[in-house]
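See below for the structure under consideration.
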Amino acid sequence: MNNPGDTSGINTFLNHPPLVTLAPGNTPLLQPIYQSAKFSPNEELPYWEQFVYGRISNPTLRQLEKTLAHLQQREDCVVVSSGIGAITGMLLGLVRSGDHVITFQQLYKPTRMFVRDVLPRYGISHSLLDLSRLAEIESAIIPGKTKLIHFESPTNPNLFIADIEGIIKIARRHGVLVTMDGTFAGLHQHTHFDIDLMVQSLTKFGNGHGDVIAGSIAGRQELIKKIREITVYLGAHLDPQACYLIQRGLKTYFLRYERHCSNARAIAQFLQSHPRVKSVVYPGLDSHPQHSLALRQMNDMGAVVAFAIDPSVAPSADAFCHRLRLIQLAASLGATETIIAPTLPFFGTDLPENLRETLGINQHTLRLSVGLEDVSDLIRDLSFALSEEPK
Ligand SMILES: *Cc1c(COP(=O)(O)O)cnc(C)c1O
């Protein structure tokens, strides 16, 4: 097409523009974004050994999957269009009607709602246990029916720590799979545990800049194959532009994570010493009830600090948030800017009141995701909002 002497019309030309190819050995330093929904197959190769259609895969997506598999020390990885898509795709890939799953009250609200309200429609039952009572897991296992135990650590929003070794031991005794949502801990932690599948919301630390929604599942080839079969039919693939942004974000992953953690520690210590803060939950503080378990399982304690204000500070956590100037009230976490969310309206409205209270969710609790700003500015903002008299 469009060689000299080509007689095709201008509309044909515009729809088949010149292809610019590189000489062998002339390579771009960064892999280009393959912004193409379809690929023309090589006649000599079977279709399944090539890229054919963007919903199935794309080189930009595949590069990200390989990077994330290696980072998490797993054989393979599937990248999908959200963290919740990773969790629901994983569950649908592993269970079928008649199966039972074990998970915990201390779960990210949409995950809890999917297991509790959606899975039963497809004949999949569940037990929603208390993550701090390991002994209950064993008696909840239904032989021949329980397929997996799914947990988070630290949990969203209140940073409970799962006893991972304990959970794995029970699961292995009964031939049950272990799946973990490690979003709060990031991609580099817990990789040495014998966890069958590691899920992440890449929206958080993976991408790290708050401009992409994405998720991933990493694990053994044979399990990833099962999950990929479902996610392709759910149409949950991630757009190549978004894949590129995450790939780019990962270059500074460790630099960012380190600063997130040091800022979060300083803020947790500041809040703990403040007379108008009732309680602070941060796995890196001695006062965290599972501090020693956290130290055994994690090298870095993360960017999220949960705390409760004294009712004399503000009538509600929402009102407190609106008093902050630099720190904005927003959902999500793990991006460069510090944000805060009142815990009750964001994470607890589906729970009965007594359970909310047990999980540390009430009118005066907050979840702070610490970013990369100068920590003195963040502390000044918090300090100002805590000292102001209620209106
Ligand atoms: C945010 C989050 C998710 C969901 O991820 P999305 O990318 O928002 O769909 C799942 N689990 C945890 C622990 C999260 O914090």
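Excluded from the calculations below are hydrogen atoms, water molecules and symmetry mates; all remaining heavy atoms, backbone and side chain alike, are included. Numbers here are sequence positions counted from 1. As the structure lists them, so they are numbered: ligands from 1, and atoms in each ligand from 1.
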In terms of residue, atom name and distance, what is the protein heavy atom nearest to atom 6 (P) of ligand 1?
Gly83 N, 3.3 Å
Number the atoms of ligand 1 from 1 as they appear, then name those within less than 4.0 Å of a heavy atom of Phe184, with their elements.
15 (O)
If we number the atoms of ligand 1 from 1 as shown, the ones under 4.0 Å from a heavy atom of Lys204 are 1 (C), 2 (C), 3 (C), 5 (O), 14 (C), 15 (O)
Considering only heavy atoms of Thr203, which atoms of ligand 1 have at least one such atom less than 4.0 Å away?
6 (P), 7 (O)
Give me the nearest non-hydrogen protein atom to atom 5 (O) of ligand 1 as residue plus atom name, then the distance to 0.1 Å.
Ser201 OG, 3.0 Å
If you apply the rule side-chain contact (heavy atoms from CB on, under 4.5 Å), what do you find for Leu119 with Leu92, and how did you get there?
CA-CA 9 Å; Leu119 285 183; Leu92 293 175; 4.1 Å; yes
Is the shortest distance from a heavy atom of Ala86 to ligand 1 less than 4.0 Å?
no
Students should be able to answer this: which protein heavy-atom is nearest to atom 3 (C) of ligand 1, and at what distance?
Tyr108 CE2, 3.2 Å
Could you label the plane-to-plane angle of the Phe51 and Phe39 rings as parallel, tilted or perpendicular, counting under 30° as parallel and over 60° as perpendicular?
tilted
Test item: Asp381 side-chain N/O and Leu324 main-chain N/O as donor-acceptor pair under 3.5 Å:
no
Please walk me through it: do Tyr257 and Phe205 pass ring pair (Phe, Tyr, Trp, His ring centres under 6.0 Å)?
CA-CA 7 Å; Tyr257 204 90; Phe205 298 103; 4.9 Å; yes
Any luck finding a side-chain donor-acceptor pair between Gln72 and His190 under 3.5 Å?
no
Within 4.0 Å of some non-hydrogen atom of Ala214, the atoms of ligand 1 are 7 (O)
Ligand-side contact atoms (ligand 1) for residue partner Ile84, heavy atom cut-off under 4.0 Å:
4 (C), 5 (O), 6 (P), 9 (O)
Thr183, portion touching ligand 1 at heavy-atom distance under 4.0 Å
side chain
Check step by step if side-chain contact (heavy atoms from CB on, under 4.5 Å) holds for Phe347 and Thr365.
CA-CA 11 Å; Phe347 311 107; Thr365 52; over 6 Å; no
Any atoms of ligand 1 less than 4.0 Å from a non-hydrogen atom of Ser82? List them with their elements.
7 (O), 9 (O)
Quick one: which of Asp181, Val304, Asn156, Asn207 has a heavy atom closest to atom 11 (N) of ligand 1?
Asp181
Charged N-O contact under 4.0 Å between Arg228 and Glu65
yes
Whether Lys204 engages the ring of Tyr108 as a cation-pi pair (distance to the six-membered ring centre under 6.0 angstrom, angle to the ring normal within 45°) should be assessed.
yes
